[in-house]
Colleague: 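Please find one structure pasted underneath; my questions will follow.
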Amino acid sequence: MPELPEVEYARSLIQKKALGRRIADVDDADTWVCRPHAPGEIAAALTGATLVEAHRQGKAMWLEADGGPPLGVHLGMAGRIVVDEVRSTRGWDRFSLRFEDGGSMALRDKRRLGRVVLDPDLSRLGPDAAKVTRQEFRERVGRGRVALKARIMDQSAIAGVGNLLADEALWRARLSPMREAGSMTEAELDDLRRALRTATRRATVRGGVHTGALIPHRQTGGRCPRCGAALERDTVGGRTTWWCPVDQAQV
DNA sequence: ACCTATGTTGATAC
DNA sequence: GGTATCAACATAGG
């Protein structure tokens, strides 16, 4: 689930329900999710503090605390944020805060690929895919010999695009995922940026990348919802990729 | 039972 | 430096 729209949902949930509540206790015992911190380190830094702001850039979140360092939270491949829910009986709450009022916030993540870290390093993160300017997008995406899809999923180029959103946006822009990034014209780059913004905004409003127009058809026997051609499947940039060989013909 | 697949990212090798 | 591959985790499905 977690691509930009899901992370934005998590961020707004935290903003609505967790800000302003004083932290009474922290469970940071999962040394894999909280690496490189030792157990108790995050607890020592945040106990007694209050979350005052929830930020996001791409898929990275960080929570500002008064009386403590910022707390970086990444949902990984299967993580989500829950606030004031009963503790997972399956042990999937990998990190949690208990508030003074008795409530809680947790990173619930069965895959355990999420991360929680103090003072997160965001220096290698590109501009947010929903906010990147036209000029920045042209410069950062339209270069190199790598496949276009790999480029837009490169978080240091632009931040927030995952496997599903990439397929959806490329389909909307009618561009081949295998196209060499550096071969793109400015007009094509501008189209792609617009498709990406549209797909991202729609998914955010409608509740996740799964609500995309192409996504439900990414399966054996799936057909292009626009022209009806059989979708093709292959690995591009190391990820399973579905596209319409007619609408998104390689140039 | 065994194999493959899965929304992410980071370390490593060329 | 840019790019490709594999591994980290845990589960679901054929």
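Throughout, protein chains are lettered first and strands after them, A, B, ... in sequence-line order, and every chain is numbered starting at 1.
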Colleague: Measure from NZ or CZ of A:Arg226 to the centre of the six-membered ring of A:Trp171, then state whether that distance is under 6.0 Å and the direction lies within 45° of the axis.
Modeller: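 Cation-pi check for A:Arg226 and A:Trp171: passes.
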Colleague: If I pick the P atom on C:dA12 and the same atom on B:dT9, what distance separates them, to the nearest angstrom?
Modeller: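 Straight-line distance between the two P atoms is 23 Å.
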Colleague: Considering only C:dT3, C:dC9, B:dA5, which nucleotide approaches the side chain of A:Arg233 most closely?
Modeller: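 Minimum distance to the A:Arg233 side chain belongs to B:dA5.
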Colleague: Go ahead and name the base partner of C:dC9; Watson-Crick or wobble counts if both distances stay under 3.5 Å, otherwise write none.
Modeller: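 C:dC9 is unpaired by these criteria.
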Colleague: Any side-chain N or O of A:Arg111 below 4.0 angstrom from OP1/OP2 of C:dT11?
Modeller: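 Indeed not, no polar side-chain atom of A:Arg111 lies that close.
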Colleague: Less than 4.0 angstrom between a side-chain N/O of A:Arg239 and OP1 or OP2 of B:dA5, yes or no?
Modeller: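 No, because none of the side-chain N or O atoms of A:Arg239 sits under 4.0 Å from OP1 or OP2 of B:dA5.
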Colleague: Could you check whether A:Glu188 pairs with A:Arg179 (Lys NZ or Arg NE/NH1/NH2 to Asp/Glu carboxylate O, under 4.0 Å)?
Modeller: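 Looking at A:Glu188 and A:Arg179, the cut-off is met.
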Colleague: What residue pairs, at least two apart or across chains, pass salt bridge (Lys or Arg N to Asp or Glu O under 4.0 Å) with a residue in residues 155-169 of chain A?
Modeller: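 Listed once each, the pairs are A:Lys149-A:Asp167, A:Asp167-A:Arg218, A:Glu168-A:Arg172.
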Colleague: Taking atom P of C:dA10 as reference, at what distance in whole Å does atom CH2 of A:Trp92 sit?
Modeller: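 Going from A:Trp92 (CH2) to C:dA10 (P), I get 12 Å.
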Colleague: Please determine which of A:Thr50, A:Leu51, A:Leu71 meets the side chain to side chain contact (heavy atoms under 4.5 Å, CB included) test together with A:Ile23.
Modeller: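 Single side chain to side chain contact (heavy atoms under 4.5 Å, CB included) partner of A:Ile23 among A:Thr50, A:Leu51, A:Leu71: A:Leu51.
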Colleague: In whole angstrom, what separates A:Leu122's CG from B:dG10's C1'?
Modeller: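 Value for this atom pair: 16 Å.
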Colleague: Assign A:Gly144 to base, sugar-phosphate, or nothing according to its heavy-atom contacts below 4.0 angstrom with the strands shown.
Modeller: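 Result for A:Gly144 = sugar-phosphate.
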Colleague: How close or far is atom C1' of C:dC6 from atom CG of A:Leu113, stated in whole angstroms?
Modeller: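 After rounding, the gap between these two atoms is 14 Å.
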Colleague: With rounding to the closest Å, how many angstrom separate the P atoms on B:dA1 and C:dC9?
Modeller: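 Roughly 22 Å separates the two P atoms.
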Colleague: Nearest whole angstrom, please: distance from the P of B:dA5 to the CG of A:Leu164.
Modeller: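 For the pair A:Leu164 CG and B:dA5 P, the rounded distance is 16 Å.
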Colleague: Is A:Arg143 touching bases, backbone alone, or none of the nucleic acid, heavy atoms closer than 4.0 Å?
Modeller: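 The answer is sugar-phosphate, as A:Arg143 gets under 4.0 Å only of primed atoms, P, OP1 or OP2.
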Colleague: Looking only at the side chain of A:Thr240 (C-beta and beyond, no hydrogens), which of the listed nucleotides B:dT8, B:dA5, C:dA10 gets closest?
Modeller: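 Looking only at heavy atoms from C-beta outward on A:Thr240, the closest nucleotide is B:dA5.
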Colleague: Among C:dT3, C:dA8, C:dT11, which nucleotide has an atom closest to any side-chain atom of A:Lys110?
Modeller: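 The answer is C:dT11.
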Colleague: Would you say the side-chain atoms of A:Thr235 pair up with the backbone N or O of A:Gly238, donor to acceptor, closer than 3.5 Å?
Modeller: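 Not confirmed, A:Thr235 side chain does not pair with A:Gly238 backbone.
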Colleague: Tell me what A:Arg151 touches on the nucleic acid: a base, only sugar-phosphate, or nothing, going by heavy atoms under 4.0 Å.
Modeller: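 The residue A:Arg151 makes sugar-phosphate contact but no base contact.
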Colleague: So which residues get pulled into A:Leu125's cluster when ILVMFWY side chains under 4.5 Å apart are joined, directly or through others?
Modeller: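 Other cluster members: A:Trp62, A:Leu122.
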Colleague: For A:Arg115 and B:dT8, what is the distance between atoms CZ and P respectively, to the nearest whole Å?
Modeller: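 These atoms are roughly 16 Å apart.
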Colleague: Can you figure out which of B:dT8, C:dA8, C:dT3 approaches the side chain of A:Lys59 most closely?
Modeller: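 The answer is B:dT8.
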Colleague: C:dG2 P sits how many Å from A:Arg124 CZ, rounded?
Modeller: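 Atom CZ in A:Arg124 sits about 14 Å away from atom P in C:dG2.
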Colleague: Starting at atom CD of A:Glu180, determine the distance to atom C1' of C:dG2, rounded to an integer number of angstrom.
Modeller: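 Going from A:Glu180 (CD) to C:dG2 (C1'), I get 13 Å.
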Colleague: On the nucleotide C:dA10, are OP1 or OP2 found under 4.0 Å from the side-chain N or O atoms that A:Trp32 carries?
Modeller: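 Checking A:Trp32 against C:dA10: no side-chain N or O falls below 4.0 Å of OP1 or OP2.
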Colleague: Nearest to the side chain of A:Arg90 - B:dT8, C:dC9, C:dA12?
Modeller: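 Among the listed nucleotides, the one closest to the side chain of A:Arg90 is C:dA12.
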Colleague: Whole angstrom is fine here: how far is it from CE in A:Met77 over to P in C:dA7?
Modeller: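 Between P of C:dA7 and CE of A:Met77: 15 Å.
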Colleague: If you compare every side-chain N and O of A:His74 against the phosphate oxygens of B:dT9 (OP1, OP2), does one of them come in below 4.0 Å?
Modeller: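 So the side-chain polar atoms of A:His74 do come within 4.0 Å of the phosphate oxygens OP1 or OP2 of B:dT9, strictly under.
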